[in-house]
Amino acid sequence: MVAPIKRLYFIDAMRAWAILMMLQGHFIDGLLDPVFRDPENLAFATWKYFRGITAPVFFTVSGFIFTYLLLRAPRSGKSNPRIRKGLKRGLQLVLIGYLLRTNIFGLLTGVIYPSFFLVDVLHCIGVSLMIIIGVYLLTDRLGKRSMATSLLLTGVVLFLFEPLYKNWEYGWLPDALANYFTKANGSVFTIIPWVGYALLGGGLATGFHKFRQDRYLYLKSIALCLVAGFLLIWCSSPFFSWVGDFTGVALFDQIVLNNYLFIRLGDVFLVFAVFMILRGLMEQRLFLRIGQNTLSIYVIHFIILYGSFTGFGLYWFFQNSLSPAFVIPGALLFMMSCTWAALFYDQHEKHINQKIGELGSFLKDQASITAEFVLRSAKAQWGRLLNYFSTAKRS
C-alpha cells in the first residue's frame, strides 16, 4: 500500500525564493541608473548572473509542481480532476496577463494600446500548463514513462533549435499571436523556448513521483542534480562544439555562441540540489504561504512597479534614475511590501472580496441612479424643446 505523500516543502521554498528574486530583479533593473551598470563591478555582475537564474527556476518549478499534482491525483486519464483545474488555471493566467497590461484611460477613449498584446511570464506559464495537460492525455495509455520522455524530449528539442527559430519572421500572423513567438514587438518572454523549462520541470516531476517511496530519493536526486548542473554549466558548450566539429552541422556551433538555455538549466539543477539539501529548514509556514501566493505577489508587484490599469507606477516616476544607495533598500522594501500585501489579502480574502462586491454593487446602483436621472432630464429637456417649437410655430 502506498504511504501518504508528504508535501514537497522544498518546492514551496523554491517558489518563494524565485518570486522574491523576481521582485528585486524587476525593481533594480527598472530603476537603477545606467551609470551604475558596470559589468566589471563584481557586485553588479553577481547580481546580474543570479537575476538570470530567476525566470528559468520559476518556469521549471511551475512545470514541476503542476505535473506532480497532476500525477498524484486519485483518478487518472480524462477523469483526473486536475485536468479541469489545470485548464482553468492556465486560461486564468493568460487572462490575468492581459488584464495587467490594460490601460483604463485608453479604454475610456476607445483605444487599445499595442502593449496590451505583449506576452509575459503569466501568458507563457498558462500555455505551459495546457501543453502539459495535452501531453498527459496523449500519453495516458502509454504510461508515465512515455509522458516523461515526451516532456523531456520536447524541452530539449526547443532548446536545441532555438538558434534557428529565433530568427523566423512572424509578420504573417496578427501581432496578438505573433507576440507569443517573437520579441520583435516588445514581448518579454515567448512560449518558445521558455515553455521548454516548464516541460523539463514536468519531466523531472514524473521521475520524482515514480520513485517517491524510495528511502534514498533525496540523496539520489541531490547527487543527480549536482552532476547534471555542473555538466550543463561547464561541459555543455565544449560538448556542442565537439559535436559541431564531428558532424559539420552548423546548428551546434550556433548553440555554442549563445548557450544560455542549457547553462541556465544547469543553474536550475543546482538550485534544486541546494533546496533539497536544506529541505529540513524549509518547513517554515512563511515559506509555505509565500510559495502558495506567488500569483498574488506577482500581480501586486506588477501594479505597483509598472502601473497596471493607470500607467502610473514606480517605473513611470523613477525609471533608470536611482543610485544603489536608494535602489537597494528600495528593493528590500518593495519585496516586503508586495509580500505583506499578498499575504494580507490571502488571510482576509473572503472579507476583502465581500467589500469589493459591496463596492461594485454600490457603483452599479449609483450608475443606475445617474442613468435614470440623465434619462429623465433628457426627456424633460426634449419636452421643453418640443413645446418651444410648438409655441413658436403657433406664433
Side-chain angles (χ1 to χ4, degrees), residues 26-27 29-31 87-127 129-130 168-192 194 295-321 338 341-342 345 352-386:
H26 287 176
F27 187 93
D29 184 65
L31 306 187
L87 290 174
K88 182 180 178 180
R89 185 66 162 180
L91 293 173
Q92 181 191 40
L93 291 175
V94 173
L95 177 61
I96 293 175
Y98 283 120
L99 288 176
L100 288 177
R101 291 188 170 276
T102 302
N103 187 297
I104 58 176
F105 298 115
L107 292 179
L108 291 174
T109 57
V111 177
I112 298 179
Y113 297 113
S115 60
F116 172 80
F117 298 103
L118 299 183
V119 172
D120 213 322
V121 171
L122 296 185
H123 303 79
C124 291
I125 293 180
V127 172
L129 301 187
M130 290 185 278
W168 289 353
E169 299 290 339
Y170 297 92
W172 53 278
L173 284 175
D175 286 349
L177 293 178
N179 289 338
Y180 280 89
F181 303 97
T182 177
K183 295 181 179 180
N185 299 321
S187 288
V188 181
F189 291 92
T190 53
I191 58 175
I192 52 174
W194 290 99
L295 178 58
S296 298
I297 295 173
Y298 184 89
V299 170
I300 292 170
H301 112 278
F302 211 95
I303 294 173
I304 296 175
L305 186 59
Y306 299 112
S308 296
F309 311 121
T310 64
F312 299 109
L314 295 176
Y315 196 77
W316 171 271
F317 297 102
F318 303 108
Q319 179 183 2
N320 297 336
S321 65
C338 293
Y345 173 78
I352 293 174
N353 288 342
Q354 180 182 352
K355 292 298 182 183
I356 293 175
E358 292 175 359
L359 177 61
S361 298
F362 172 77
L363 294 176
K364 183 179 178 181
D365 292 340
Q366 292 302 310
S368 298
I369 294 172
T370 303
E372 184 178 354
F373 173 76
V374 170
L375 183 60
R376 284 204 304 260
S377 299
K379 287 181 177 179
Q381 291 296 331
W382 178 250
R384 291 192 189 99
L385 187 61
L386 289 178

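The first residue of the sequence shown is numbered 1, and numbering continues consecutively from there. In this text the structure is predicted, and so the values were computed from the model without any measurement.
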Tell me, do I125 and V121 make a side-chain contact under 4.5 Å, heavy atoms counted? yes
Requested in this report: Using the six-membered ring wherever Trp is involved, compare the ring planes of W316 and F312 and label them parallel, tilted or perpendicular (cut-offs 30° and 60°).
Outcome: perpendicular
Between the OH atom in Y306 and the NE2 atom in H26, the distance rounded to the nearest 0.5 Å is 4.5 Å
**OP:** Output, in order, the C-alpha distance, side-chain angles, deciding distance and verdict of side chain to side chain contact (heavy atoms under 4.5 Å, CB included) for L177 and Y170.
**Re:** CA-CA 9 Å; L177 293 178; Y170 297 92; over 6 Å; no
Separation between OH (Y98) and CZ (F117), nearest 0.5 Å, reads 8.0 Å
Smallest heavy-atom separation, N185 atom then L118 atom, equals O-CD2, 3.4 Å
When rounded to the nearest 0.5 Å, the distance separating CG of L314 from NE2 of H301 is 10.5 Å
When rounded to the nearest 0.5 Å, the distance separating CG of L99 from CD of Q92 is 10.0 Å
Minimal heavy-atom distance between I104 and T310, with the atoms involved, is CD1-CG2, 4.5 Å
What one should report as the nearest heavy-atom pair of Y113 and G106 is CE1-CA, 3.7 Å
Value for CG (D29) from OH (Y315), rounded to nearest 0.5 Å, stands at 7.5 Å
Go through it in stages, so that I can follow the logic: the residues are F116 and N103, the test is side chain to side chain contact (heavy atoms under 4.5 Å, CB included), and I'd like the CA-CA distance, side-chain angles, deciding distance and then a yes or no. CA-CA 8 Å; F116 172 80; N103 187 297; over 6 Å; no
Value for CZ (R101) from CG (D120), rounded to nearest 0.5 Å, stands at 5.0 Å
Residues C124 and I191: closest non-hydrogen pair is SG-N, 3.8 Å
Practice prompt. With the side chain counted from C-beta on, respond yes when L122 and V94 share a heavy-atom pair under 4.5 Å apart, and no when they do not.
Written response: no
- Say whether, by atom type as modelled, one donor and one acceptor occur between the side chain of T182 and the main chain of N179 under 3.5 angstrom. no
With no hydrogens and no angle check, is any side-chain donor or acceptor of S187 less than 3.5 Å from a backbone partner on V119?
yes
Check for me whether the distance between the ring centres of F189 and H123 falls short of 6.0 Å. no
Taking every heavy atom of S308 against every heavy atom of F302, the minimum-distance pair comes out as OG-CD2, 3.1 Å
Heavy-atom distance under 4.5 Å between the side chains of C338 and I304, does that happen here? yes
Tightest non-hydrogen contact, residues S296 and Y345, listed as OG-CD2, 4.3 Å
**Prompt:** Step by step, would you call L100 with V299 a side chain to side chain contact (heavy atoms under 4.5 Å, CB included)?
**Reply:** CA-CA 7 Å; L100 288 177; V299 170; 3.8 Å; yes
